[in-house]
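Order of the sequence lines sets the chain letters (A, B, ...), proteins ahead of strands, with each chain counted from 1. These values consider heavy atoms only, across backbone and side chains, with no hydrogens, waters or symmetry-generated copies.
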Amino acid sequence: MDYNTAEIESRWKKYWSENNTYQVSDDTSKPKYYVLDMFPYPSGAGLHVGHPLGYIATDIFSRYKRQSGFNVLHPMGFDAFGLPAETYAIQTGVHPAKSTNDNIKKYIEQLSNIGFNYDWSRSVKTCDPSYYKWTQWIFTQLFDHYYDKDKDKAVSINKLIQKFEIGGSFSVNAAHALEEDFSAEEWKSFSDVEKNEILMQFRLAYQKIGYVNWCEALGTVLANDQIKDGLSDRGGHPVEKRAMKQWALRITAYAERLLNGLDLVDWSESLKAMQRNWIGRSEGAQVFFNIENNDKKIEVFTTRPDTIFGATYMVLAPEHDWVEELTTSDQKDKIDTYISYVNSRSEIERMSEVKEVTGEFTGSYAINPFTNERIPIWIGEYVLKDYGTGAIMAVPSDDDRDKAFATKFELPIIDVVDKTDYPGASLKDKVGKMINSDFLNGMEVKEAITAAIKAIEEKQLGAGKVNFKMRDTNFSRQRYWGEPFPIRYNEQGIAEALTLDQLPLMLPDTDDFQPAGGGKSPLARNTEWINEEAGYTRETDTMPAVAGSSWYFLRYMDANNPNELASKEKIEYWDSVDLYVGGTEHAVSHLLYSRLWHKFLFDIGIVSSREPFKKLINQGMIQGVIEFIYLQKEKGEGGQNIFVSQEVAQSNPDIEYAMIPVHIDFISSYGSKDSYLDLEGLKKFTKWWPSYKGAKFVSSTATYTDGGEDVDINMVTKSEVGKMSKRYYNVVNPDDMVEQYGADCFRMYEMFLGPIEQSKPWDTNGIDGVSKFLRKFWNLFVSENQLIVEDGTPSAEEMKVLHSTIKKVSEDIEKFSFNTAVSAFMVCVNELRALKCHKKLVLTPLVKLLAPFAPFLSEELWNKLEGEGSIHHQEYPKFDESYLKEDSIEYPISINGKKRASAMIPTDATKDEAEAIALGLETIQKWIEGKEIRKVIFVPKRMINIVV
RNA sequence: GCCCCUGUGGCGGAAUUGGUAGACGCGCUGGAUUCAAAAUCCAGUUCCUUCGGGAGUGGGGGUUCGAUUCCCCCCGGGGGUACCA
């Protein structure tokens with residue numbers, strides 16, 4: 001009866017699965033609790049030790065909640081559509097469905113090895129037709145709804161058509177992109193194609209021609225967050241802007257609700273800040289400027305309407321629609337030259353040369369509506385086409401960029417804000433007194449903003465307006481491995497949504513995953529599929545991965561329902577996610593889209609909660625240490641590769657080196673600052689990477705040539721903390737850890753590493769401590785193959801140890817402080833060992849207490865104690881305050897805040913009694929000798945401080 | 001630049017509403033056991049010290065009887081975001 005992890009784990013894994021120990025019922029008599037992990041993308045590399053960090057935390061928490069009497073839903077599934085599987089298919093010919101399913105199998109096995117309590121009967125995978133049927137259905141609903149601003153919710157598009165028939169577009173207050181209004185009569189006169197185009201400007205899922213980030217190498221459109229520094233995040237390929245017809249979701253219609261909803265949820269401030277930042281609400285005014293000799297009016301958005309008297313020129317984005325019209329004949333050449341210059345510049349250049357000011361004068365003038373001065377209209381790169389209206393009123397006295405522009409092109413500058421009362425304030429700070437501004441003069445900026453908006457509205461020049469930074473991001477991907485859009489086009493090219501009985505629209509099978517060219521997905525070549533029904537063609541783009549992950553948490557509630565995305569009753573019961581744990585990498589896209597879909601499903605009556613995730617914890621990343629060796633760029637004689645150790649490289653700063661990542665298995669003292677490759681490591685390295693055969697290795701003390709004579713050499717490597725990734729050969733696999741130490745140890749060690757939110761590099765330095773703890777725990781029950789648990793009444797001291805542990809552990813779980821909970825278990829075991837306590841009445845509650853942390857060990861011990869059923873259905877112990885009471889407490893006694901002595905003082909002592917004991921102490925007497933006691937502070941159960 | 005987080009022994013990290021700084025673990029030192037090693041057990045481990053004590057939670061200042069905790073300024077590390085009008 002030794003503590004044999006492998007044997008115990010395989011036994012109970014089998015038992016749990018055969019007895020459906022973790023199957024969740026929809027037992028509505030119990031209070032529900034929904035604990036969710038962000039489901040993983042099943043990548044070919046498998047799980048690494050970083051993934052389980054959050055999963056272990058939710059596993060502990062869900063087990064704790066179940067034992068505490070809740071009906072707990074804790075499911076797991078797979079975000080199974082996505083680019084990596086398709087890239088892999090192009091490279092190897094293996095169908096994404098096959099590689100994805102293989103990977104999922106591997107993931108499930110790895111997850112089960114760690115002992116997670118998922119109910120696999122509720123699992124989902126986004127690439128399963130029975131799942132994406134509902135992803136497609138939600139999309140059709142988005143397509144069939146528009147956003148009614150009066151009702152502040154999504155409303156059926158049929159209602160919109162009725163309104164158009166009665167009052168044209170004038171009768172509608174909706175989120176839209178319509179350019180010109182129309183009457184009821186005009187509506188009736190429009191052709192079907194025209195009507196459809198207008199409705200597209202209102203639908204929540206709609207098509208638009210937009211500039212997209214096209215990546216030729218990947219053959220697809222990328223989202224903004226898939227691009228880093230102008231290159232694709234994956235692969236680092238160049239990305240260009242290209243005009244394409246794309247599906248988009250009108251997320252901007254929900255901007256205000258997405259922003260306000262953040263006040264309802266218990267998320268970290270930093271995460272909320274990220275979403276607020278992304279939504280980017282700013283208050284200001286929309287103002288129309290008349291153009292000289294033209295009927296058009298330029299619309300601008302400004303957050304500083306107070307500075308309008310200082311607006312001495314205007315700037316349009318170079319891509320603004322009116323640039324051509326506003327350019328006068330004598331400026332045409334210059335404008336054309338400038339525009340072609342702008343077009344020639346890559347995204348990277350534009351971003352890296354932000355400081356440089358460029359622009360050109362169109363030749364036209366606008367009129368400042370407050371000063372009635374003619375002001376020149378320029379175009380300039382610093383004004384962006386897709387923010388605001390793509391045009392600005394420039395106030396060079398109060399904006400850094402306008403100022404730089406005006407200075408360079410010698411445009412007039414009028415000071416309108418006097419900041420002499422605010423010495424440290426920068427130009428953009430909204431403080432100061434208005435000057436040179438007529439009726440605003442003398443007002444403080446904040447006051448002036450309100451007054452200016454009022455004046456703008458009275459003069460009918462515009463209105464106060466709220467602007468959002470957030471854009472409607474596009475929803476089309478030119479890929480195979482995604483959900484097909486449930487859309488078909490009729491002979492006139494009008495898009496129609498498929499009806500529920502036509503869903504799911506299956507992704508056709510193929511063995512050719514190459515993009516079709518011309519920005520089309522591989523589906524575009526499948527003519528049979530495209531033209532499935534006479535007179536109709538199918539949409540060939542597919543949805544982005546974010547589609548399937550936007551609502552998966554609802555499907556878990558009723559995962560196998562063929563008739564609905566989930567039944568009404570089950571959605572009512574499970575309501576929304578009580579606890580959601582996942583990484584920050586999804587802070588914006590996934591969490592924002594999920595919230596959007598949820599709010600939309602709320603509007604159409606599918607869900608009844610306003611926010612999908614009540615509490616959210618961002619687990620930190622477990623990073624890897626990347627070990628590099630320096631390769632001299634210049635090769636030696638005969639093309640010999642020369643590697644040098646860290647100190648040699650650092651003492652030769654003139655020589656250029658390439659950093660070659662080394663597999664961490666070859667490294668000695670891995671993870672420490674002075675990790676190195678010894679002779680054996682070097683031999684493994686050259687064997688593993690044959691192109692470095694015969695290489696020379698130089699350290700500060702020795703030189704070794706591969707294949708030559710053995711030398712005593714230590715090559716110090718460069719260690720960097722970074723991502724754990726296949727590419728850096730630094731992936732640590734949880735399977736190895738589980739095999740070596742056992743799943744319980746692995747779980748508790750990951751929790752013991754530190755706070756769950758914190759990122760930290762993986763190291764196994766402390767794992768022995770946890771392993772020792774588990775063995776000590778086991779030895780409280782078992783010794784020399786005998787169960788040594790005794791009957792008998794525990795002493796007061798033993799009960800105190802038990803109950804203080806129950807208290808500490810429960811409180812720590814409630815506040816997600818798992819590292820301190822593990823530490824409390826260690827303290828407890830140390831104390832019980834010191835007391836030589838083996839009493840059943842102490843140990844039985846302790847097994848239940850440990851069960852969420854170490855499910856295998858505790859199940860085994862529960863079985864040995866002849867407990868009934870599974871430990872994981874036993875009630876969690878509750879602490880009893882009466883065992884924690886003490887007659888007297890050791891008080892620290894300080895003189896002037898500095899601790900000088902301590903004394904046992906009865907718990908119920910009054911201030912005077914305590915003071916008398918403290919002052920009577922010999923050590924204290926010595927300190928206060930010859931000094932006057934000014935004051936004595938007594939904090940019950942805490943401390944005594946004597947002020948002299 | 002702006003926003004958010006963060007800074008405590010050799011290391012990972014503890015410290016309720018401000019109340020004994022360094023819990024717990026690793027590592028290290030000494031000892032026991034052993035032919036020896038591993039494992040295990042016991043003791044010690046913030047730094048300085050003339051052994052009285054002194055200093056100490058990134059640095060400087062402040063509030064307080066008392067500050068890792070609250071306030072102000074500065075420095076370092078991490079993340080997000082950006083010609084956003």
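- In terms of heavy atoms, A/Val416 sits closest to A/Phe309 at CG1-C, 3.9 Å.
- The salt bridge (charged side-chain N to carboxylate O under 4.0 Å, His left out) contacts involving residues 767-778 of chain A comprise nothing, where partners must be two or more places apart or lie in separate chains.
- Listed by chain and residue number, A/Asp266 satisfy the side-chain hydrogen bond (donor to acceptor under 3.5 Å, both in side chains) test with A/Lys615 (two or more places apart in sequence, or in another chain).
- The salt bridge (Lys or Arg N to Asp or Glu O under 4.0 Å) search around A/Glu890 returns none, not counting sequence neighbours.
- Residues in residues 391-400 of chain A take part in these salt bridge (charged side-chain N to carboxylate O under 4.0 Å, His left out) pairs, two or more places apart or across chains: A/Asp398-A/Lys419, A/Asp399-A/Arg401.
- Residues forming a side-chain hydrogen bond (donor to acceptor under 3.5 Å, both in side chains) with A/Gln925 (at least two apart in sequence, or on another chain): none.
- The distance between atom CD of A/Gln286 and atom P of B/A85, rounded to the nearest whole Å, is 16 Å.
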Exercise. Where along nucleotides 44-55 of chain B does protein come under 4.0 Å, by heavy atom, of base (B) or sugar-phosphate alone (S), with - for untouched nucleotides?
Worked result: ----------S-
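- For the side chain to side chain contact (heavy atoms under 4.5 Å, CB included) test, no residue two or more places apart in sequence or in another chain qualifies with A/Ala273.
- Checked against salt bridge (Lys or Arg N to Asp or Glu O under 4.0 Å), A/Arg942 has no partners two or more places apart in sequence or in another chain.
- Stem regions annotated for RNA chain B: B:1-7 with B:75-81, B:10-12 with B:24-26, B:27-32 with B:40-45, B:46-48 with B:53-55, B:58-62 with B:70-74, counting only runs of 3 or more consecutive pairs of Watson-Crick or G-U type with both contacts under 3.5 Å.
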For this session: List the protein contact pattern of nucleotides 17-22 of chain B with one symbol per nucleotide (5' to 3'): B for base contact, S for sugar-phosphate-only contact, - for none; contact means a heavy-atom distance under 4.0 Å.
Result: B-BB--
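- As rounded to whole Å, 18 Å separates atom C1' of B/C24 from atom CD of A/Glu750.
- The side-chain heavy atoms of A/Met274 and A/Thr584, taken from C-beta on, include a pair separated by under 4.5 Å.
- Among the heavy atoms of the strands, none lies under 4.0 Å from A/Arg281.
- If you take CD1 of A/Ile893 and P of B/C65, they are 21 Å apart, rounded to a whole angstrom.
- Backbone-only contact: A/Gln758 has heavy atoms under 4.0 Å from sugar-phosphate atoms and none from a base.
- With sequence neighbours left out, A/Asp415 forms a side-chain hydrogen bond (donor to acceptor under 3.5 Å, both in side chains) with no residue at all.
- A/Asn618 pairs by the side-chain hydrogen bond (donor to acceptor under 3.5 Å, both in side chains) definition with nothing, not counting sequence neighbours.
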